[in-house]
Amino acid sequence: MKVLRVAVDLPLANLFDYLSPPGVTAQPGDRVAVPFRMRERVGVVLELAAASEIAAERLKPITRVLDDAPRLPADWLELMRFLAGYYQRPLGETVIASLPPRLRSLRPLPREPERHYRATNHAPRPDTLRAGSARALLEALGSECVTEDALLARFAARRAAARIALRKLLRAGQIELVRPASRASFVPSHAPSAAQANAIERVTSSLGRFEAFLLHGVTGSGKTEVYLHLVARLLARGEQALVLVPEISLTPQLEARFRHAFPETRLAVLHSALDDGTRTSAWLAAARGEAGIVLGTRLAVLTPLPRLALVVVDEEHDSSFKQQEGLRYSARDAAVYRAKLAGCPVVLGTATPSLETWYNNQAGRYACLELPARASPGSVLPEVRTLDLRREAPEHGIAPSLLAAIQARLARSEQSLIFINRRGYAPVLACDACGWTAGCERCSARMVLHAADRRLRCHHCGAEGAIPRACPTCGNVDLAALGRGTQRVEETLAARFPQARIVRIDRDSARRRAELAEALAGIRRGEADILVGTQLLAKGHDFPTLTLVGVLNADSALFSTDYRAGERLFATLAQVAGRAGRRERRGEVLVQTRFPGHPLYRALARHDYAGFAASQLAEREAAGFPPYVSEAVLRAEAKRLARAIEFLREAAGLAIPPQEVRIYDPIPAVLTRRAGLERARLLVQSPSRAALQEFLREWSARLFAEAPRDVRWHLDVDPIEFD
Ligand code: ADP
Ligand code: ZN
Ligand code: ZN
């Protein structure tokens, strides 16, 4: 008896056993139609088994194999097993959720008329076959390469049978798709510099085997140009590249560069904002090996790629690579694992590596390729200075010398960017007079101000306290949350510079992708004088006449309770600074602060990532934070906070942690109430990733089996947000 173990499109933890009907040879990776509770559903065969625990007479056969999409390859199934196991999700759900929605339906997939077929060496001579569709197809193909349309047109009324025969021949490897990518022409924009050429050579020499590279290059150092040259090498060998990028809003510019460089190559673009049809056909082009390049956001890492030969993760430090719902995977980590499975190099590119990646590099696991200078002739990194807010009183949040700098740009018809830092903003209680901030007595963390119940809480250990009436160091009674007063920046600027064209770009003003793209294009054409924006403006854009960046509200992140806040602030400021002076005229970056001597700002001014990273790593090691320990959080949401906390407390008792694994006390989330539910979380930590994984496996099995219904919960492995 041959039993098929099938993942079915339902939110259920287990796989389901089916029989393979006579004459059908379903294999792992095949999409199949299965009968399930009176209905037919889509499933994916994950395993073949010799026997089932279910009585033979109760097993049903699958209905049919859905062979209009290619069989999911073994390394893809392996990736799914890894993701489900590591992030503690049911395997079936992981597999199904990783397919584009259209492939979770039984409807036949749209046929793609431009595909060409030809017979392979494995094809039998047509005259050795019995008369029938297969023989007719092989005869029609001969030694030519024929389009699917032309081929099927010969069969008139027997078209459906011919299509089935075509798929069978394809699956048997007797005919194959002709890959347009195999004759890829490459249009380079620049001859590589010495540093670029070195990076290209190093990665090229490891094509065909796994090796992880950190491509560490300042903003504008020509990292993208390196990716293009690498991709050209493997396209010439008929292979595929996977290129992951953080933001949808960035993709148009980058996409255009790829299209320009590879005019003949099929480029599959994948992100979550695509409509179903477009996403499906991009996915199919990738899975069939027709697309030479897959360019996309984190979900693109889940695409099957039969000829994968290079993985690139651009801006690898970006937090958008971590999925924040369902399967909470890190696309960056998944990309490294994929490269291992495929036996190919992976390149992590960034100006400001995540500390995890830097740590791996220091430990010798990732080879580091440096691009130390900007690539464009005459372009140098901007001058970064702090503006001391204790010396010059800001006018509605903006320092007079920053206003003067904007005025000077207006006079020269250059653009200014006023960047308002919103990221990682957790209110911290501070004293304006002496710089004191409320800290936890048990941790090296700041307390978070919870305005709703007027309490201070440590988000690391759960310690709690009242808001002091006066500053404990200087007696000042006017204590306040850091980082107020940024709301009216646009109005202030408009009042101060009535003749200037001011464009504001943030999540609210740029709800639609098309609008954002249009606004950015307008800025590039010089249709704005002052840009006001949040993180959306920091990334990747190339604004030719922008020479000034002013940074407001950076301090709030300096004293955040989130130990990643410093790392993120440095990365964000380096990014936003990278927008200034990308052409001949040198850029200037002015950071408003009450703490001008802070080491982070000093490192930023020296463009000294390595120095900054070394001090951060030392702090993390001393405090016992990642990457020196591994973490997972169990989050819970319930009608009442007490119930969420109680659930977490009970959950903690469900499994006994081994000695190296530590479970902390449950604490309320910063954003305690969301969408009518109260939220809390529980941190689990271990110096050993393996020990943590082993514990999580047992623990999550108990949770899935025993968790009560009135609490919503999930596990987040390697969490990066602690809101
Ligand atoms: P990054 O990805 O590191 O930000 P890019 O690849 O976008 O850098 O390059 C930054 C700018 O420098 C672009 O305008 C690009 O066209 C230009 N550039 C890249 N490589 C070279 C080179 N070898 N010679 C001249 N200009 C280059
Ligand atoms: Zn004080
Ligand atoms: Zn604490």
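This is a predicted model, so every value here is computed, not measured. Atoms within each ligand, like the ligands themselves, are counted from 1 in listed order.
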- Among all protein heavy atoms, pick out the one at the shortest distance from atom 23 (N) of ligand 1; state its residue, atom name and that distance to 0.1 Å. Gln196 OE1, 2.7 Å
- Query: Does the protein place any heavy atom closer than 4.0 Å to atom 21 (C) of ligand 1?
  - Reply: yes
- Which residue pairs satisfy the salt bridge (charged side-chain N to carboxylate O under 4.0 Å, His left out) criterion with at least one member in residues 526-537, sequence neighbours excluded? Arg501-Asp529, Arg525-Glu527
- Which atoms of ligand 1 are found less than 4.0 Å from any heavy atom of Ser193? 23 (N)
- Message: Suppose we screen for side chain to side chain contact (heavy atoms under 4.5 Å, CB included). Which residues come up paired with Ala212, at least two apart in sequence or across chains?
- Response: Phe210, Val346, Tyr366
- Query: Among all protein non-hydrogen atoms, which one is nearest to atom 10 (C) of ligand 1, and what is the separation to 0.1 Å?
  - Reply: Gly220 O, 3.5 Å
- Is any NZ, NE, NH1 or NH2 atom of the basic residue among Glu225 and Arg257 found under 4.0 Å from an Asp or Glu carboxylate oxygen of the other? yes
- For atom 8 (O) of ligand 1, grab the closest protein heavy atom and report residue, atom and distance to one decimal in Å. Gly222 N, 2.9 Å
- Task: Quick one: look up the protein heavy atom nearest atom 1 (P) of ligand 1 and list residue, atom name and how far away it is.
- Result: Lys223 N, 3.5 Å
- Task: Assign the ring pair Tyr609 / Trp358 to parallel, tilted or perpendicular, where the plane angle (0 to 90°) is split at 30° and 60°.
- Result: perpendicular
- Message: Could you identify the single nearest non-hydrogen protein atom to atom 2 (O) of ligand 1 and state the distance to 0.1 Å?
- Response: Thr224 OG1, 2.6 Å
- Is the closest heavy atom of Arg257 to ligand 1 under 4.0 Å? yes
- Item | Residues Lys223, Glu315: salt bridge by 4.0 Å N-O rule | no
- Message: Can you confirm whether or not the ring centre of Phe258 sits under 6.0 Å from the ring centre of Tyr227?
- Response: no
- Item | Charged N-O contact under 4.0 Å between Arg328 and Glu721 | no
- Query: Are Ala191 and ligand 1 in contact, using a heavy-atom cut-off of under 4.0 Å?
  - Reply: yes
- Query: In the protein, what heavy atom is nearest to atom 19 (C) of ligand 1, and what distance, to one decimal place, separates them?
  - Reply: Ala375 CB, 3.5 Å
- Query: Is the closest heavy-atom distance from Ser221 to ligand 1 below 4.0 Å?
  - Reply: yes
- Item | Presence of salt bridge, Glu78 and Lys340, under 4.0 angstrom | no
- Query: Relative to each other, are the rings of Tyr87 and Phe82 parallel, tilted or perpendicular (30° and 60° limits)?
  - Reply: perpendicular
- Task: Mark up the atoms of ligand 1 that fall under 4.0 Å of a heavy atom belonging to His190, in ascending order.
- Result: 15 (C), 16 (O), 17 (C), 18 (N), 19 (C), 20 (N), 21 (C), 22 (C), 23 (N), 24 (N), 25 (C), 26 (N), 27 (C)
- Please indicate, with yes or no, if any protein heavy atom is found under 4.0 Å from atom 14 (O) of ligand 1? no
